[in-house]
Amino acid sequence: MYYRGAQAAIVVFDITKPETFDRAKAWVKELQRQASPNIVIALAGNKSDLSEKRMVEFEEAQTYAEDTGLLFMETSAKTAMNVNELFLAIAKKMPKSDAQNPTHAARNRGVNLQGSDQQPRSGCCSN
Ligand SMILES: Nc1nc2c(ncn2[C@@H]2O[C@H](COP(=O)(O)OP(=O)(O)OP(=O)(O)O)[C@@H](O)[C@H]2O)c(=O)[nH]1
């Protein structure tokens with residue numbers, strides 16, 4: 001219900017807890033099964049500031065991400081390392097804006113109630 005129609009998702013695990021990496025993989029599978037086919041999925045290996053407690057190797061997560069078609073970065077919510085970078089990378093991978101898609105552009109244009117978009121009224125109640 002929450003991710004249906006989502007255009008991007010960030011799946012976060014804790015590099016100091018291998019079980020969170022396994023759960024992240026399960027979430028990626030779930031997203032690939034249920035979410036929109038062109039969803040951009042990013043995997044974040046969080047708590048990169050705690051490298052002395054690391055239990056998931058960078059290379060292991062990176063290889064998994066490459067094999068699965070995910071963006072991957074190690075992040076730290078504590079130091080903000082790679083947080084902006086991850087959002088930027090997602091934005092770059094998203095499909096071009098709706099404004100460049102004629103079908104979506106028409107749908108999103110809205111209706112101008114003041115100007116020339118207004119159609120002349122007809123029917124029983126206009127004189
Ligand atoms: N050192 C460090 N601690 C972090 C980082 N991100 C989150 N934490 C800490 O990890 C703990 C869990 O963070 P939450 O934001 O509650 O994460 P969560 O996934 O909701 O965790 P749960 O409540 O266990 O499900 C908190 O004590 C945070 O302060 C990080 O990048 N580095």
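Counting convention: from 1, in listed order, for ligands and their atoms alike. Bear in mind the structure is a predicted one, so any value in this text is a computation, not a measurement.
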With a 3.5 Å cut-off and no angle check, do the side chains of Ser76 and Asp49 form a donor-acceptor pair?
yes
Donor on one side chain, acceptor on other, Asn38 and Ser36, under 3.5 Å:
no
Hey, is [atom] touched by any protein heavy atom at less than 4.0 Å?
atom                    : result
atom 31 (O) of ligand 1 : yes
atom 28 (C) of ligand 1 : no
atom 1 (N) of ligand 1  : yes
atom 8 (N) of ligand 1  : yes

Looking at atom 6 (N) of ligand 1, what's its closest protein heavy atom, distance included?
Asn46 ND2, 3.0 Å
Output the list of atoms in ligand 1 that are nearer than 4.0 Å to some heavy atom of Ala77, sorted by atom number.
6 (N), 30 (C), 31 (O)
Between Glu74, Lys47, Lys53, Lys78, which one has a non-hydrogen atom sitting closest to atom 4 (C) of ligand 1?
Lys47
Electrostatic pair Glu30:Arg23 at N-O distance under 4.0 angstrom
no
Considering both backbone and side-chain atoms of Leu50, is one of its nitrogen or oxygen atoms within less than 3.5 Å of a nitrogen or oxygen in ligand 1?
no
Got an N/O contact under 3.5 Å between Asp49 and ligand 1?
yes
Salt bridge (Lys or Arg N to Asp or Glu O under 4.0 Å) for Arg54 and Glu74? Distances and angles first, verdict last.
CA-CA 12 Å; Arg54 173 189 289 280; Glu74 285 196 344; 2.7 Å; yes
Ignoring hydrogens and geometry, is there a side-chain-to-backbone donor-acceptor pair from Thr79 to Met81 under 3.5 Å?
yes
Can you tell me how the ring of Phe13 sits relative to the ring of Phe72, calling it parallel under 30°, perpendicular over 60° and tilted otherwise?
parallel
Please say whether more than 12 non-hydrogen atoms of neighbouring residues, nucleotides or ligands are located less than 6.0 Å from OH in Tyr3.
yes
